[in-house]
Amino acid sequence: MSKKTIFLFLVSLSLVFACVEPFDINFINQKEILFIDAHLTDSDQIQQIQIKKSFTQFNTNKILGEENAEVFVVEGNTKKYNCSFKGDGTYQLPPDFKIIPNTKYHLEFKLANGKEYKSSDESAIPINEIEKLSTIFNETEINFDGKEMNGHEVYLDTKDEAKDENFYMWKWKLFEQTNFCKTCYGGKYFTNPQPDGQCVEDAALKRRSVIYDYGCKTDCWQIYYSSELNILSDQYYNGSPITNRKIAEIPFLQFRGALVEVNQYGISKTAHDYFKIMINQSQNTGTLSDTPPAGLIGNVKNINDKTESIGGMFMVSIKKTRKIWIPRAERYVGVKAYGLFQGRSANPEPMGADITRPPMAPCQESYTRTSRKPDGWID
């Protein structure tokens, strides 16, 4: 496998985690690559850490979660929080855990193979609230699903804190209400086994590449996430307002309105510089056959082997959140909605003579779907 192939694989691998993670050129000499996704905040949500490894098997790149590791977050070098294993390389902090501003934290963990790791100390600097979100309709240049389409650009106003050197990261979530909760490719949906049911293959439907979509038993929302890094140093602000910062490109998926949640984080200089190199390297892929201009090494180290390179960062942040409702409507003359099915129209299973079909499907709670009405949603 060439250096360029490995580089591109690692860039794509970084998008697997909730936080985009850079790579290190030294990975090329490692059979297995350990990746850490640990971005802890002061929010009330249950917080998790992911520890995964990538490796090549039979010329195929694979990702596996590290199981049964001993994982701790240490606060102020004295208080230690034990993280419980939840499967697939995910470790959960206690429900009441939240970051305290201006307090040092670090990550410690020991893998099942006995290797021990520790991060550098990180602390969260207080930041101001998001003062305003606004949108502008863009007729042609919203990038989504590898295509250009109609949509809205979201802009942010906030104020930088003058007394500190600040570094920012922004992420967004898009909530779209959906009427369909299950899709079967070359088969039909059956409600057994309970509670989720399953798609059962049908030879005739498979041969004709038929896709059926099934309605929701309850209200359901599809969730989309930002996939690009958006960071900023306050070098040119230093206490001044940050205005009209472009945060998101929201595709015109349907004429029903949509809710956008914007999260603003204060990150460390270490994290900012790390992600800045990631952005620079991933945008200059034309010279990947050569050694990248700067190798990236995160802030997590193997205690007994300083030569091991590890992807990802242990980060702590203060988080500020604001939401904005996008009231799409038929007034957008000539606009074509892309839909929630990668450009195709929904195709419900025909009812036919069997009045028990088609059945309705549950809205399965997941990272990309929820039955809980988002706060701020307008019916």
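Please read these numbers as outputs of a predicted model, since none were measured by experiment. Both backbone and side-chain heavy atoms feed into the values below; hydrogens, waters and symmetry mates do not.
At least one side-chain heavy atom of Ile231 sits less than 4.5 Å from a side-chain heavy atom of Ile279. Looking at Phe275 and Ile277, their side chains never come closer than 4.5 Å, going by heavy atoms from C-beta outward. Between His106 and Ser120, every side-chain heavy-atom pair lies at or beyond the 4.5 Å cut-off. Taking the side chain as every heavy atom from C-beta outward, Lys188 and Val200 never approach each other to under 4.5 Å. Two residues are said to be in side-chain contact when any heavy atoms from C-beta on lie closer than 4.5 Å; Leu40 and Phe314 meet this criterion. You'll find the side chain of Gln198 stays beyond 4.5 Å of the side chain of Asn192, heavy atoms only.
Here the side chain of Tyr91 pairs a donor or acceptor atom with the backbone of Ala69 at under 3.5 angstrom. No donor-acceptor pair under 3.5 Å is formed between the side chain of Gln264 and the backbone N or O of Ile127. At least one donor-acceptor pair closer than 3.5 Å links the side chain of Glu249 to the backbone N or O of Asn143. Under a 3.5 Å cut-off, the side chain of Asn302 and the backbone N or O of Asn304 do form a donor-acceptor pair. At distances below 3.5 Å, at least one donor-acceptor pair connects side-chain atoms of Lys323 with backbone N or O atoms of Asp375. A distance-only check finds no donor-acceptor pair linking the side chain of Ser317 to the backbone of Lys319 [under 3.5 Å]. Judged by distance alone, with hydrogens and angles left aside, the side-chain atoms of Thr178 form a donor-acceptor pair with the main-chain N or O of Phe180 at under 3.5 Å. Using modelled atom types, one side-chain atom of Ser119 and one backbone atom of Leu107 make a donor-acceptor pair closer than 3.5 Å. Between the side chain of Asp160 and the main chain of Gly239, a donor-acceptor pair closer than 3.5 Å is present.
Ring pair Phe341/Tyr338: centre-to-centre distance not below 6.0 Å.
Under the 2.5 Å SG-SG cutoff, Cys363 and Cys216 do not qualify as a close cysteine pair.
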Chi angles and distances behind the side-chain contact (heavy atoms from CB on, under 4.5 Å) call for Leu229, Met278 | CA-CA 9 Å; Leu229 282 167; Met278 170 62 177; 3.9 Å; yes

Mind running salt bridge (charged side-chain N to carboxylate O under 4.0 Å, His left out) on Lys373 and Asp379 for me, showing each step along the way?
-> CA-CA 10 Å; Lys373 184 177 180 179; Asp379 291 318; 2.6 Å; yes

With side-chain contact (heavy atoms from CB on, under 4.5 Å) as the test, would you mind laying out the steps for Glu261 and Thr321 before giving the verdict?
-> CA-CA 7 Å; Glu261 175 185 304; Thr321 299; 3.6 Å; yes

Derivation and outcome, side-chain contact (heavy atoms from CB on, under 4.5 Å), residues Ile318 and Thr41 | CA-CA 6 Å; Ile318 301 303; Thr41 72; over 6 Å; no

Give the C-alpha distance, both sets of side-chain angles, the deciding distance and a yes or no for salt bridge (charged side-chain N to carboxylate O under 4.0 Å, His left out) between Asp213 and Arg344.
-> CA-CA 11 Å; Asp213 301 299; Arg344 70 175 179 86; 2.9 Å; yes

Can Glu131 and Lys159 be said to form a salt bridge (charged side-chain N to carboxylate O under 4.0 Å, His left out), step by step?
-> CA-CA 8 Å; Glu131 294 182 350; Lys159 190 175 187 302; over 6 Å; no

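Hydrophobic cluster membership for Ile211: Tyr185 (Ile, Leu, Val, Met, Phe, Trp, Tyr linked by side-chain heavy atoms under 4.5 Å, directly or transitively).
No more than 12 heavy atoms of other residues, nucleotides or ligands lie within 6.0 Å of NZ in Lys132, so this atom counts as exposed by the packing criterion. Heavy atoms of other residues, nucleotides or ligands lying less than 6.0 angstrom from CD of Gln45 number 12 at most. The environment of CD in Glu139 is sparse: at most 12 heavy-atom neighbours from other residues, nucleotides or ligands sit within 6.0 Å. Counting heavy-atom neighbours within 6.0 Å of Arg372 CZ, excluding the residue itself, gives a total of 12 or less. The local environment of NZ in Lys206 is sparse, with at most 12 non-hydrogen atoms from other residues, nucleotides or ligands closer than 6.0 Å.
Residues Gly187 and Tyr212 approach most closely at O-CD1, 3.7 Å, considering heavy atoms. Listed here is the closest heavy atom pair of Glu161 and Asp234: O-OD2, 4.2 Å. Considering every non-hydrogen atom in both Ser54 and Phe35, the closest pair reads OG-CE1, 3.8 Å. Heavy atoms only, all atoms of each residue included: Ile250 and Val154 are closest at CG1-CG2, 3.9 Å. The nearest pair of heavy atoms linking Tyr214 to Cys184 is CE1-SG, 3.9 Å. Smallest separation of non-hydrogen atoms from Gln47 and Lys98: NE2-CA, 3.9 Å.
Under a hydrophobic clustering in which Ile, Leu, Val, Met, Phe, Trp and Tyr are joined whenever their side-chain heavy atoms come within less than 4.5 Å, directly or via other members, Phe72 and Phe109 fall into different clusters. Linking Ile, Leu, Val, Met, Phe, Trp and Tyr residues whenever their side-chain heavy atoms come within less than 4.5 Å leaves Leu156 and Met169 in two separate clusters. The hydrophobic cluster containing Ile46 does not contain Tyr367, counting ILVMFWY residues as joined when their side-chain heavy atoms lie under 4.5 angstrom apart, directly or transitively. Val260 and Trp221 fall into different hydrophobic clusters, where Ile, Leu, Val, Met, Phe, Trp and Tyr residues are linked whenever their side-chain heavy atoms come under 4.5 Å apart, directly or through other members. Taking hydrophobic clusters as Ile, Leu, Val, Met, Phe, Trp and Tyr residues chained together by side-chain heavy-atom distances below 4.5 Å, Phe175 does not share a cluster with Phe144.
Between atom CD1 of residue Ile223 and atom NZ of residue Lys173 there is a gap of 6.0 Å, rounded to the nearest 0.5 Å. Interatomic distance, Arg369 CZ to Cys181 SG, rounded to the nearest 0.5 Å: 5.0 Å. Annotation: the span from Leu232 atom CG to Lys276 atom NZ amounts to 9.5 Å, rounded to 0.5 Å. Rounding to the nearest 0.5 Å places CG of Asn299 at 12.0 Å from NZ of Lys118. Summarising the geometry, atom CD1 belonging to Ile326 is positioned 9.5 Å from atom CZ belonging to Phe252; distances are rounded to the nearest 0.5 Å. Here the CD1-CD1 distance, from Ile36 to Ile310, works out to 6.5 Å after rounding to the nearest 0.5 Å.
Judged by the 6.0 Å distance and 45° axis criteria, Lys320 is not positioned over the aromatic ring of Tyr265.
Between Glu349 and Arg357 there is a salt bridge, since a side-chain N of the basic residue sits under 4.0 Å from a carboxylate O of the acidic one. Contact check on Glu176 versus Arg328 returns a salt bridge, with a Lys/Arg side-chain nitrogen under 4.0 Å from an Asp/Glu carboxylate oxygen. Salt bridge annotation for Asp157-Arg322: absent, with no cationic side-chain nitrogen under 4.0 angstrom from a carboxylate oxygen. Between Lys80 and Glu108 there is a salt bridge, since a side-chain N of the basic residue sits under 4.0 Å from a carboxylate O of the acidic one. Ion pairing of Lys110 with Glu70 is absent here, as no side-chain N (NZ or NE/NH1/NH2) approaches a carboxylate O to less than 4.0 Å. For the pair Asp88 and Lys52, the salt-bridge criterion is met [side-chain N within less than 4.0 Å of a carboxylate O].
Ser84 is linked by a side chain to side chain donor-acceptor pair (under 3.5 Å) to nothing, counting only residues two or more places apart in sequence or in another chain. Every salt bridge (Lys or Arg N to Asp or Glu O under 4.0 Å) that Lys269 has, sequence neighbours left out, goes to Asp273.
With hydrogens and angles left out, the side-chain atoms of Gln222 and Tyr224 include no donor and acceptor closer than 3.5 Å. Side-chain polar atoms of Glu122 and Tyr105 form no donor-acceptor pair below 3.5 angstrom.
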